[in-house]
Amino acid sequence: MRVFERGLEVPDHMVRRIEVSGTGGVRLAAWEFTDPPKAGAGREGARGPGVLLLHGLLGRAAHWAETARWLSTRHRAVALDQRGHGRSDKPAEGPFDRSTYVDDAEAAVEQLGLAPVTLIGHAMGALTAWQLAARRPDLVRALVICDMRASALGAASQREWAEWFRSWPVPFATLADVRKWFGEDDPTLERPNPARGDFFAEVMAERSDGWRPAFSCRQMLKARETWVQDAHWEELALVECPTLVVRGLDGQLGRAEAQEMVRVLPRGQYAEVVDAGHLVHYDQPDGWRRAVEPFLASALPV
């Protein structure tokens with residue numbers, strides 16, 4: 001495990017990059033958010049309970065920065081760039097199946113010494129989190145599921161995503177164009193959403209001809225294909241730890257399904273964030289914190 005440290009622009013917090021070895025030797029980038037070490041205090045003593053943050057499809061660990069900063073006052077907060085995303089490896093042919101993503105998360109928990117860990121996942125990352133909690137209850141002490149459905153989405157959903165990728169006007173000339181298209185001009189948007197534009201600006205990379213996605217759209221479709229046609233209720237029912245299901249009122253997870261997920265979970269709780277879409281933690285960070293922080297305080301008493 002190799003560690004790279006660098007400072008953030010936020011003066012009262014630090015982040016260090018840690019390389020984790022995933023399935024098949026794939027290099028995964030993890031980012032640990034910490035308070036500066038206090039004089040005379042060892043790093044280990046101030047870390048607190050481990051939290052692993054798992055982004056959704058197309059996302060990256062940096063999208064968790066604001067959440068990780070408030071978590072780091074009481075917890076050891078680590079965000080993982082999952083394979084195919086961020087600074088982690090993007091193996092040409094994968095694998096990108098569900099088992100591999102769960103294996104990678106399990107490797108991160110064990111290699112970073114986070115167990116018993118709290119898993120906080122958004123969308124695809126939430127599915128990875130509850131599948132790991134179902135498989136390895138000994139590793140997971142609490143779980144937060146953010147805007148991920150347990151029902152099958154179906155083949156039509158996959159075709160819609162493929163069409164959506166083809167609609168992107170790449171390359172974008174500037175990051176301002178990225179923000180405008182994803183925040184205003186994307187025909188799938190019901191109304192303007194500047195936070196969505198910022199979200200996608202963070203997953204673009206500058207090339208010789210302009211700004212393009214830092215990920216492979218083909219790989220993203222391949223990863224998504226491994227879960228959209230299946231339901232995941234049985235694995236949800238196997239999650240033994242306290243679990244919070246969070247949805248944005250305008251997100252992809254409907255209230256009835258979210259409440260059914262809570263019913264199926266042995267120790268489920270429910271929360272919703274007003275004025276939030278699918279990107280709950282990024283779209284409405286204050287509302288997200290108000291929903292999650294009390295749950296963590298009760299599930300992980302100091």
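- Residues in residues 255-268 take part in these side chain to side chain donor-acceptor pair (under 3.5 Å) pairs, two or more places apart or across chains: R149-E257, S151-E257, R255-E272, E260-R263.
- No hydrogens or angles considered: nothing links the side chains of Y101 and E106 as a donor-acceptor pair under 3.5 Å.
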Q) Where do R136 and E110 land on the salt bridge (charged side-chain N to carboxylate O under 4.0 Å, His left out) test, with the steps shown first? A) CA-CA 11 Å; R136 291 291 308 273; E110 292 186 325; 3.2 Å; yes
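- Here the rule is side-chain contact (heavy atoms from CB on, under 4.5 Å) with L52, and of T118, L139, L119 only L119 fits it.
- Nearest heavy atoms, L80 versus A30: CD1-CB, 4.1 Å.
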Q: In sequence, state the C-alpha distance, the side-chain angles, and the governing distance for R135 and D103, and then conclude on salt bridge (charged side-chain N to carboxylate O under 4.0 Å, His left out).
A: CA-CA 10 Å; R135 179 202 290 182; D103 288 343; 2.6 Å; yes
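- Atom CZ of residue F199 and atom CZ of residue R60 lie 10.5 Å apart, to the nearest 0.5 angstrom.
- Contacts of W164 classified as side chain to side chain donor-acceptor pair (under 3.5 Å), with partners at least two apart in sequence or in another chain: D186.
- Considering CG of L71 and CZ of F33, their distance stands at 10.0 Å, rounded to 0.5 Å.
- For the pair L300 and A142, the tightest heavy-atom approach, listed with the atom from each and the gap, is CD2-CB, 4.4 Å.
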Q) Yes or no on ring pair (Phe, Tyr, Trp, His ring centres under 6.0 Å) for Y282 and W288, after CA distance, side-chain angles and deciding distance? A) CA-CA 8 Å; Y282 198 89; W288 161 254; over 10 Å; no
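- Both F165 and V228 are assigned to one and the same hydrophobic cluster, defined by single-linkage of ILVMFWY side chains at heavy-atom distances under 4.5 Å.
- For the pair A134 and L238, the tightest heavy-atom approach, listed with the atom from each and the gap, is CB-CB, 3.8 Å.
- Partners of E190 under the side-chain contact (heavy atoms from CB on, under 4.5 Å) rule, at least two apart in sequence or in another chain, do not exist in this structure.
- Hydrophobic clustering, defined by side-chain heavy atoms of Ile, Leu, Val, Met, Phe, Trp and Tyr closer than 4.5 Å, groups L249 together with V274.
- Salt-bridge annotation for D147 and R247: absent, with no side-chain N of the basic residue lying under 4.0 Å from a carboxylate O of the acidic one.
- Every residue two or more places apart in sequence or in another chain was checked for a side chain to side chain donor-acceptor pair (under 3.5 Å) with R166, and none qualifies.
- With sequence neighbours left out, the side-chain contact (heavy atoms from CB on, under 4.5 Å) criterion links A214 to A205.
- Y270 pairs by the ring-ring contact (aromatic ring centres under 6.0 Å, His included) definition with nothing, not counting sequence neighbours.
- A donor-acceptor contact shorter than 3.5 Å is absent between the side chain of H63 and the backbone of A61.
- In this structure, the side-chain contact (heavy atoms from CB on, under 4.5 Å) partners of P169, at least two apart in sequence or on a different chain, are F172, W181.
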Q) Would L143 and V239 satisfy side-chain contact (heavy atoms from CB on, under 4.5 Å), going step by step from the backbone distance to the final call? A) CA-CA 9 Å; L143 173 65; V239 175; 3.8 Å; yes
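- You'll find the ring centres of W64 and H281 inside the 6.0 Å limit.
- For N193, the side chain to side chain donor-acceptor pair (under 3.5 Å) criterion is met by no residue, not counting sequence neighbours.
- For E293, the side chain to side chain donor-acceptor pair (under 3.5 Å) partners at least two apart in sequence or on another chain are R289.
- Although no hydrogens or angles enter the test, the distance criterion places no donor-acceptor pair under 3.5 Å between the side chain of D89 and the main chain of P91.
- The existence of a salt bridge linking D185 and R179 is excluded, since no basic side-chain nitrogen approaches an acidic carboxylate oxygen closer than 4.0 Å.
- Under a cut-off of 6.0 angstrom, the local environment of CD in Q269 is crowded, with over 12 non-hydrogen atoms contributed by other residues, nucleotides or ligands.
- For the atom pair CG (L175) and CD (E202), the distance works out to 10.5 Å, reported to the nearest 0.5 Å.
- Each side chain to side chain donor-acceptor pair (under 3.5 Å) pair with one or both residues in residues 211-223, not counting sequence neighbours, appears once here: D209-R212.
- Between the side chains of D97 and T226, no donor-acceptor pair of N or O atoms lies under 3.5 Å.
- Heavy-atom contacts from other residues, nucleotides or ligands closer than 6.0 Å to CD of E184 number more than 12.
- In this structure S88 satisfies the side-chain contact (heavy atoms from CB on, under 4.5 Å) test together with L28, A29, D81, sequence neighbours excluded.
- Between R191 and D250, at least one side-chain nitrogen of the basic residue sits less than 4.0 Å from a carboxylate oxygen of the acidic one, meeting the salt-bridge criterion.
- Taking each heavy atom of P242 and A299 in turn, the nearest pair found is CB-CB, 4.3 Å.
- Of the possible donor and acceptor atoms, none in the side chain of H75 sits under 3.5 Å from a partner among the backbone N and O of T73.
- Without hydrogens or angle criteria, H122 side chain to H278 main chain gives a donor-acceptor distance under 3.5 Å.
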